[in-house]
Structure formats: structure tokens, C-alpha cells
Undergrad: 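One structure, pasted below without further comment.
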Amino acid sequence: MSSHPAARDHCLSAARAVDRPTGGARYGRMFAGLEPLGTDPQVLMRAGSDGGICDAAAELDRSSAGDDATEAAGWPFFGQIIAHDITADRSPITGGVDPEALRNARSPKLNLEMVYSDGPVGSPYLFDVHDPAKFLLGPDGYDVPRNQQGVALIGDPRNDVHLFVLTLHVALLHAHNRIVDNLRANGVPEGDVFEKARTTLTWHYQWIAVHDFLPRLVGPDLVEEVLAKGGRWFAPEPMKAYIPLEFADAAFRYGHGQIRHTYRLVEGGPELPLFPDLVGFGPPRPGRRLDLTQVFDVPGRPPAQRAKRLDGRLAASLIGLPEQVTGVVDTAAYRSLAVRDLLRGDTTGLPSGEALAKFIGVPPLTVDGWPDGTPLWFYILKESEHLGDGDRLGPVGGRIVAEVLIGLLRADPASYLSLEPDWEPTLPAAGPVFDLTDLLIPGESS
């Protein structure tokens with residue numbers, strides 16, 4: 001085993017230093033008038049560490065224990081794709097950074113920047129030198145291309161963190177390449193093919209985020225309300241979008257609570273823990289290929305595995321992350337993703353969940369174990385458990401996520417919501433309504 005410390009930015013490293021932001025994208029406050037909670041960091045580390053209140057023992061994180069959510073297991077990983085597309089905070093998790101000085105290494109747009117990067121001209125290593133309108137793929141078509149040391153040649157290295165998000169990334173590359181073939185078959189001039197394909201894939205992805213992903217996560221009524229009336233707390237003007245810290249460091253970290261301890265990659269295959277068995281940052285191990293129908297429901301196929309119910313606890317593989325993900329840490333507690341989530345909210349001065357609930361006019365929950373107020377991230381998970389049956393975000397978390405994602409699209413003058421708000425998908429659909437599986441797993445249900 002190598003003794004060298006992990007040098008790349010692994011998206012969770014305590015000293016996330018690689019690819020620091022160089023542009024002006026920023027973070028901000030969605031609820032600027034609320035006071036920071038300010039919990040003792042030692043209390044947060046105890047809560048998020050092995051044996052703490054955020055620790056779901058591995059034996060409880062199985063379907064036989066009754067923790068299956070309604071939605072399929074792949075949805076929190078699609079949420080991770082969205083998170084990587086719009087946010088990249090490279091500051092340390094342990095403090096020392098003024099939240100007002102934070103910069104986002106991603107543009108606050110759902111524009112698939114983490115797939116396209118700077119396109120064939122600015123990022124030529126991502127594209128086929130013989131056909132630069134298409135993405136280059138690994139030799140077998142199931143991986144991204146890699147350099148001689150196995151490092152992914154990819155628009156965002158975080159999409160190589162584990163097999164699930166890597167597989168979704170590769171599926172998006174295939175989707176783009178199929179669109180290129182279709183455009184050429186329909187006679188689109190060669191000089192227009194790449195940009196037309198990029199717009200087509202991006203708009204379908206945006207439409208899925210609004211009409212397939214969000215209704216499952218926050219409920220269709222809230223989505224329709226925000227589409228019809230706009231955001232009450234987040235409605236940036238065009239070209240003036242930012243990422244609220246309440247979203248980035250609390251509400252949109254909900255997916256950590258939906259990840260199971262073990263997954264089956266293929267029908268009838270063994271159940272494997274996400275970490276360390278399916279960790280990325282190198283070519284997938286032989287035999288470790290994910291069939292997406294095992295984590296997304298596809299008509300004509302058996303039901304997929306389900307996501308874990310949201311209840312404030314994280315799977316064992318997330319409480320003890322491997323070094324490939326965290327890098328070298330000097331405190332064992334930093335191997336816990338729950339500790340990182342709790343400390344991050346404290347570092348950026350987030351309010352308590354109770355204070356935010358009162359501010360937006362909803363009755364606050366009473367959450368045991370936090371007499372001075374509940375950290376917002378944990379509050380949102382418990383709110384989902386008690387008010388969303390563990391399947392959907394509650395009124396605080398749901399409001400933040402719905403308003404931010406729709407608000408970012410409306411502030412982007414190139415999005416479908418800005419240019420053609422009544423636009424409908426044009427790619428083939430297996431059922432009456434286009435959905436994510438039509439984009440990622442074409443032909444499975446036909």
C-alpha cells in the first residue's frame with residue numbers, strides 16, 4: 001500500500017486545495033437575518049462519529065430492517081451529480097475562512113459544466129481527437145479515459161469518487177454522443193453539431209431536474225408553487241445567481257442520509273459496501289460494473305433497490321470513509337461524513353433548524369439531543385423523517401432546495417426555463433412522460 005498522502009482534491013478532503021476557484025462565483029445567505037447557531041465543535045464531532053446519534057449501524061442499513069425509502073437507490077447519486085455541477089467549495093472544513101469570502105469553483109448554473117468543462121477547444125483531452133464533437137470514452141465504453149496513472153480525464157474529478165457517480169457521468173457522455181449521431185442523421189451542419197448536442201443534453205437534464213427529480217424529493221405541489229409564483233426567499237436576477245450556504249452546507253447534503261451501506265451491482269450479484277469496495281479515483285476493478293437498472297426503476301424490469309429512508313443517520317461506510325476519499329487526516333472523527341457535514345454548517349455560521357422554521361412560518365420540530373438548537377443539516381434530515389415519512393424533504397429543506405434549483409435556472413439566461421419555459425423534451429421516451437431513465441438507460445424498456 002502506498003505511503004504517499006492523497007494529493008488530489010477528493011471533494012471531502014479536510015484541506016481541499018486543488019482546483020481552487022479563480023472566478024467570481026460566490027456563496028451567500030438565503031436567510032441573512034438569522035443568527036449562527038454556534039455549537040461546540042466537540043459536541044458535533046461526538047454526534048457524527050462512530051456510535052453517535054448520526055451513526056446507523058450496518059445491520060440496520062438493510063431492507064430487512066425496514067429502512068427502504070419509496071424512491072429508487074440511484075436518486076441521491078443523481079442529486080450528487082447536480083451538486084457537483086453547481087457547487088465546489090475548496091475551503092477547509094475546520095474553519096479559518098470568512099464565509100463571506102468563500103468562492104465557488106463552479107458557475108451557479110445547471111449547465112453540465114462538470115461534464116463539458118471548456119469544450120473541445122479548451123478541454124481537448126475530454127474529446128475524441130478523430131471526432132471532437134464526441135466525448136472520448138474508456139477502451140470498453142464503461143469508463144472515462146484515464147492517464148497512465150489511472151487518474152480520470154474528466155470535467156470534475158469528484159465524479160470519479162465512487163462507482164455510482166462515475167457510472168452516471170459515463171451515461172451522460174454516452175447520451176451526448178448519441179445526440180451527436182442523431183443530429184448528423186437529421187442533417188444538422190457539422191459546424192453546429194457540438195453546440196446543438198450540448199444544448200439538447202443540458203436542457204433535457206434541466207427538465208429532468210425540475211420535473212422528475214424535484215417532485216420526488218420535495219413533492220409536486222411545492223414544485224408547481226415555485227414554478228408558478230417564483231421563490232419567496234431565493235429569486236436572483238438574471239446573471240446574478242449565487243449559491244446559498246443554507247443549500248450547499250445543509251439542505252442539499254440530504255442525500256448523504258439516503259445512501260445505503262451495501263448495494264447490488266447486477267441482478268443476483270453480491271451486496272457490496274459503497275466504501276471501501278466501490279471507491280473510485282482509479283479504474284473500476286474487474287467485475288465491478290454497475291447495471292443502472294439495479295438502482296433506477298425501468299418499465300419491464302424488476303423493481304430497483306431502494307434508497308435508505310431519511311432519519312438523521314448515515315450508513316456505516318460513510319461514518320468511516322477511506323483515505324482515498326478524505327486524504328490524510330489528523331483527527332479520526334474527520335473520517336465521518338456526518339462530522340464533516342455538521343462542522344461545515346458550523347464553520348459557515350448556519351442558523352438552527354428551529355430558527356429557520358420559525359422564520360419561514362412553519363411550526364418547528366422538537367429534536368432530542370440539541371437543547372440549544374439543532375444544526376440545520378441534521379434538522380432537515382429529522383424533519384424529513386417526521387414530516388416526510390423519510391421519503392421527502394420537509395417544509396424547511398424542501399423550500400430551500402426547490403427555490404434554489406428553480407431560481408438558478410431562472411437566473412441563467414441560457415436555460416430552458418429562461419428561453420422556453422414551456423419546452424418539452426424531444427428525445428424518445430419509453431412511457432408517456434420523459435424521465436431520467438430515458439436519458440441514461442435508453443432502450444431498456446422498449
Side-chain angles (χ1 to χ4, degrees), residues 23-28 30 78-88 104-119 122 155-156 159 168-169 172-173 175-176 179-180 183 192-218 220 222-244 247-248 251-252 398-427 429 433-436 438-440:
R26 63 188 178 89
Y27 291 89
M30 192 170 174
F78 182 70
Q80 189 173 9
I81 286 283
I82 293 176
H84 290 177
D85 195 22
I86 61 177
T87 63
N104 186 5
R106 287 284 169 265
S107 59
K109 302 175 182 179
L110 282 80
N111 62 357
L112 291 177
E113 179 184 357
M114 43 78 188
V115 170
Y116 288 102
S117 191
D118 292 322
D156 189 323
N159 282 2
L168 291 179
H169 187 101
L172 289 170
L173 303 186
H176 170 93
I179 293 169
V180 168
L183 292 173
D192 299 334
V193 165
F194 174 76
E195 287 301 333
K196 179 71 171 176
R198 178 174 185 161
T199 298
T200 300
L201 179 60
T202 301
W203 279 25
H204 281 79
Y205 155 75
Q206 292 172 348
W207 193 93
I208 287 165
V210 173
H211 296 284
D212 197 8
F213 171 72
L214 270 180
R216 298 172 189 270
L217 180 60
V218 307
L222 180 56
V223 174
E224 290 304 316
E225 177 196 327
V226 177
L227 285 173
K229 300 179 180 179
R232 294 171 56 194
W233 313 109
F234 184 78
E237 297 178 6
M239 300 297 293
K240 294 185 178 180
Y242 64 94
I243 300 296
F247 172 89
F252 213 59
R399 173 66 62 178
I400 294 171
V401 170
E403 290 200 8
V404 169
L405 292 185
I406 292 173
L408 293 179
L409 286 170
R410 285 204 164 123
D412 176 5
S415 77
Y416 92 90
L417 266 184
S418 291
L419 290 173
E420 296 182 40
D422 295 326
W423 178 84
E424 296 282 343
T426 58
L427 296 178
V433 179
F434 187 87
D435 64 22
L436 179 61
D438 292 312
L439 187 66
L440 300 182

Undergrad: May I ask you to decide if Ala414's main-chain N or O and Ser418's side chain share a donor-acceptor pair within less than 3.5 Å?
TA: no
Undergrad: Closest heavy-atom contact between Pro108 and Leu408?
TA: O-CD2, 3.6 Å
Undergrad: First locate atom CG of Leu440, then atom CZ of Phe78, and finally report the distance between them rounded to the nearest 0.5 Å.
TA: 7.0 Å
Undergrad: Is it the case that the side chain of Asp438 and the backbone of Asp435 share a donor-acceptor pair, with hydrogens and angles ignored and the cut-off at 3.5 Å?
TA: yes
Undergrad: Show the nearest heavy-atom pair for residues Ala175 and Leu201, with the distance to one decimal.
TA: CB-CD1, 3.9 Å
Undergrad: With sequence neighbours left out, write down each residue that passes side chain to side chain contact (heavy atoms under 4.5 Å, CB included) with Pro425, or none if nothing qualifies.
TA: His204, Trp207, Trp423, Phe434
Undergrad: Please tell me whether His84 and Asp156 have a donor and an acceptor in their side chains that are separated by less than 3.5 angstrom.
TA: no
Undergrad: Taking only residues two or more places apart in sequence, or in another chain, which ones meet Tyr27 in a ring-ring contact (aromatic ring centres under 6.0 Å, His included)?
TA: none
Undergrad: Classify the side-chain pair Gln206/Ser415 by whether it contains a donor and acceptor separated by less than 3.5 Å.
TA: no
Undergrad: Run the side-chain contact (heavy atoms from CB on, under 4.5 Å) check on Phe252 and Val404 step by step: do they pass?
TA: CA-CA 10 Å; Phe252 213 59; Val404 169; over 6 Å; no
Undergrad: Show your working on side-chain contact (heavy atoms from CB on, under 4.5 Å) between Leu110 and Tyr205 and close with a plain yes or no.
TA: CA-CA 8 Å; Leu110 282 80; Tyr205 155 75; 3.9 Å; yes
Undergrad: What side-chain donor-acceptor pairs closer than 3.5 Å can you find for residues 227-243, not counting sequence neighbours?
TA:
from   : atom 1 : to    : atom 2 : distance (Å)
Tyr242 : OH     : Arg29 : O      : 3.1

Undergrad: Do Ile81 and Met114 have side-chain heavy atoms sitting under 4.5 Å apart?
TA: yes
Undergrad: Among residues two or more places apart or on two chains, list those pairs meeting salt bridge (charged side-chain N to carboxylate O under 4.0 Å, His left out) that have a residue in residues 413-425.
TA: none
Undergrad: Any donor-acceptor pair under 3.5 Å linking the side chain of Asp412 with the backbone of Lys109?
TA: no
Undergrad: Looking at Thr202 and Tyr116, what are the two nearest heavy atoms and their distance?
TA: OG1-CE1, 4.1 Å
Undergrad: Start with the C-alpha gap between Arg106 and Asp85, add the side-chain angles, then the distance that decides, and say whether side-chain contact (heavy atoms from CB on, under 4.5 Å) holds.
TA: CA-CA 7 Å; Arg106 287 284 169 265; Asp85 195 22; 5.5 Å; no
Undergrad: Look up atom CG in Leu217 and atom CG in Asp212, then write down how far apart they are to the nearest 0.5 Å.
TA: 11.5 Å
Undergrad: Kindly indicate whether the side chain of Leu214, heavy atoms from C-beta on, has any atom under 4.5 Å from the side chain of Ile406.
TA: yes
Undergrad: How far apart are the C-alpha atoms of Leu172 and Leu439, what are their side-chain angles, what is the distance that settles it, and do they pass the side-chain contact (heavy atoms from CB on, under 4.5 Å) test?
TA: CA-CA 8 Å; Leu172 289 170; Leu439 187 66; 4.2 Å; yes
Undergrad: In chain order, what residues pass the side chain to side chain contact (heavy atoms under 4.5 Å, CB included) check against Ala197, with sequence neighbours excluded?
TA: His176, Ile179, Val180, Leu183
Undergrad: How far apart are the closest heavy atoms of Pro413 and Ala411, and which atoms are they?
TA: CD-O, 3.3 Å
Undergrad: Using side chain to side chain contact (heavy atoms under 4.5 Å, CB included) as the criterion, list what pairs up with Asp192, not counting sequence neighbours.
TA: Val188, Pro189
Undergrad: Looking only at non-hydrogen atoms, find the nearest pair between Ile82 and Ala209 and report the distance.
TA: CD1-CB, 4.2 Å
Undergrad: Give the minimum heavy-atom separation between Phe247 and Leu405, together with the two atoms involved.
TA: CZ-CD2, 3.9 Å
Undergrad: Quick check against the 3.5 Å criterion: does Asn104 have a side-chain atom that pairs as donor or acceptor with the backbone of Ala88?
TA: yes
